[in-house]
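Heads up: the structure comes next, in structure tokens.
Scope of the values below: all heavy atoms of this structure, side chains included, with no hydrogens, waters or symmetry mates.
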Amino acid sequence: MPHFFENHPKTLYDLHKKQRPLVMTNLTVFYKLQQLVVDRTTVMYEHTIAEGERPDTIAYKAYDDASLDWIIFLTNQIVDPRWEWPLTQQEFNKYIKNKYGSVSGAQGTTHHYEYIDQGLTKVVHEDVVTITPEVKYEIDLTTYNATTPSKRRLVDSFTYEDRLNEEKRNIRLLDSSFIQQILTQAENVFD
């Protein structure tokens, strides 16, 4: 996979304020490019990242060009693909072990408590499925203990981390018919 910032222009920046500027990648270009995409929210479609699916493989499937993975990052406001892209199960387990000592340690550690205001509902009417997402609120231990058991939930650290990782699977892809226009505009930003 090409480096995300390889085409970004370089700039001099005196990081340590010692009159010795360093050559650094100009990250502000990312935000200029992002504005080109923001106005195109109506030409986006949803994509759920499969286990192990990489940005370059999605770009190849969507745009017939693996090097256009940066458009996926841009569209989804991903600045750090290492931590803003969903981890594979193996990477996730390693992350959990590094952070909590073990999977069972994470499962045995309370992260927070929730009040379930409305459960997940699924209604089928004339072959149309309507799903209403669960509505929940984070609460403190005292409120949790005073809440009816059917309306409360203890969330362990493993479940919390897993939810965060799974939320990263839902991304938006720019319709391929707009790729050439974005590429042309991007060339002007990089000049």
Side-chain angles (χ1 to χ4, degrees), residues 1 4-5 15-16 25 27-28 30-31 33-35 37-42 44-58 69-174:
M1 176 169 72
F4 180 53
F5 297 110
L15 185 66
H16 303 291
T25 300
L27 298 178
T28 61
F30 176 84
Y31 298 102
L33 283 171
Q34 191 172 348
Q35 285 304 308
V37 176
V38 167
D39 297 332
R40 289 164 176 74
T41 55
T42 58
M44 304 280 188
Y45 58 93
E46 302 294 321
H47 177 78
T48 301
I49 301 168
E51 170 68 17
E53 195 171 28
R54 298 186 326 259
D56 59 329
T57 58
I58 295 172
D69 55 355
W70 63 271
I71 291 179
I72 295 169
F73 298 143
L74 193 67
T75 304
N76 293 282
Q77 301 178 8
I78 295 173
V79 178
D80 185 355
R82 173 69 183 115
W83 294 109
E84 295 178 72
W85 195 259
L87 300 173
T88 65
Q89 192 61 51
Q90 182 179 2
E91 292 168 333
F92 179 74
N93 288 340
K94 183 178 178 182
Y95 168 77
I96 291 294
K97 288 175 187 172
N98 286 339
K99 187 169 182 177
Y100 298 98
S102 67
V103 169
S104 60
Q107 291 170 330
T109 304
T110 300
H111 187 272
H112 67 273
Y113 306 94
E114 292 177 344
Y115 170 75
I116 305 164
D117 191 28
Q118 175 186 319
L120 177 75
T121 60
K122 182 177 178 181
V123 177
V124 180
H125 180 68
E126 296 180 9
D127 295 332
V128 176
V129 179
T130 305
I131 297 175
T132 305
E134 181 178 71
V135 177
K136 58 189 181 279
Y137 303 98
E138 193 170 321
I139 57 175
D140 61 28
L141 179 58
T142 303
T143 306
Y144 173 82
N145 288 332
T147 303
T148 307
S150 64
K151 296 293 254 178
R152 69 183 188 186
R153 177 186 303 132
L154 180 149
V155 178
D156 62 68
S157 294
F158 181 87
T159 301
Y160 171 76
E161 298 285 359
D162 188 53
R163 281 182 188 173
L164 292 179
N165 193 53
E166 290 305 307
E167 287 171 5
K168 295 174 189 174
R169 293 194 184 285
N170 301 316
I171 62 171
R172 298 176 311 148
L173 297 177
L174 183 66

Taking [X] for the side chain and [Y] for the main chain, is one N or O donor matched with an acceptor at less than 3.5 Å?
X	Y	result
Lys136	Tyr115	no
Arg169	Pro86	no
Asp140	Thr142	yes
Glu84	Val79	yes
Asn76	Arg172	yes

Next on the checklist: Going by side-chain contact (heavy atoms from CB on, under 4.5 Å), name the residues that satisfy it together with Val155, two or more places apart in sequence or in a different chain.
Outcome noted: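 For Val155 the side-chain contact (heavy atoms from CB on, under 4.5 Å) partners, ignoring immediate neighbours, are His112, Glu114, Arg153, Thr159, Tyr160, Arg163.
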Checklist entry - Side chains of Ile49 and Trp85: closer than 4.5 Å at any heavy-atom pair? => result yes
Checklist entry - Which one of Leu174, Ile171, Leu173 satisfies the side-chain contact (heavy atoms from CB on, under 4.5 Å) criterion with Thr75? => result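 Testing each of Leu174, Ile171, Leu173 against Thr75, the sole residue satisfying side-chain contact (heavy atoms from CB on, under 4.5 Å) is Leu174.
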Item to check | For the student: nearest non-hydrogen atoms of Glu51 and Leu87, plus distance | outcome: OE1-O, 4.4 Å
Checklist entry - Which heavy atom of Thr88 sits nearest a heavy atom of Gly52, and at what distance? => result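 Looking at all heavy atoms of both residues, the closest pair is CG2-CA, 3.8 Å.
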Between atom [atom1] of [X] and atom [atom2] of [Y], what is the distance when rounded to the nearest 0.5 Å?
X	Y	atom1	atom2	value
Asp80	Phe73	CG	CZ	9.5 Å
Asp69	Ile58	CG	CD1	9.5 Å
Tyr113	Thr143	OH	OG1	11.5 Å
His111	Leu154	NE2	CG	11.5 Å
Thr109	Glu161	OG1	CD	10.5 Å

Next on the checklist: Within a 6.0 Å radius of atom NZ on Lys151, are there more than 12 heavy atoms belonging to other residues, nucleotides or ligands?
Outcome noted: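 Yes - once you tally the heavy atoms of other residues, nucleotides and ligands closer than 6.0 Å, there are more than 12.
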Checklist entry - Any side-chain donor-acceptor pair under 3.5 Å between Thr148 and Ser150? => result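 Checked: Thr148/Ser150 side chains show no N/O donor-acceptor pair below 3.5 Å.
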Item to check | Intermediate values then yes/no, side chain to side chain contact (heavy atoms under 4.5 Å, CB included), Asn93 and Val103 | outcome: CA-CA 7 Å; Asn93 288 340; Val103 169; 4.3 Å; yes
Next on the checklist: Working note: Lys94 + Glu91, criterion salt bridge (charged side-chain N to carboxylate O under 4.0 Å, His left out); need CA distance, chi angles, decisive distance, verdict.
Outcome noted: CA-CA 5 Å; Lys94 183 178 178 182; Glu91 292 168 333; over 6 Å; no
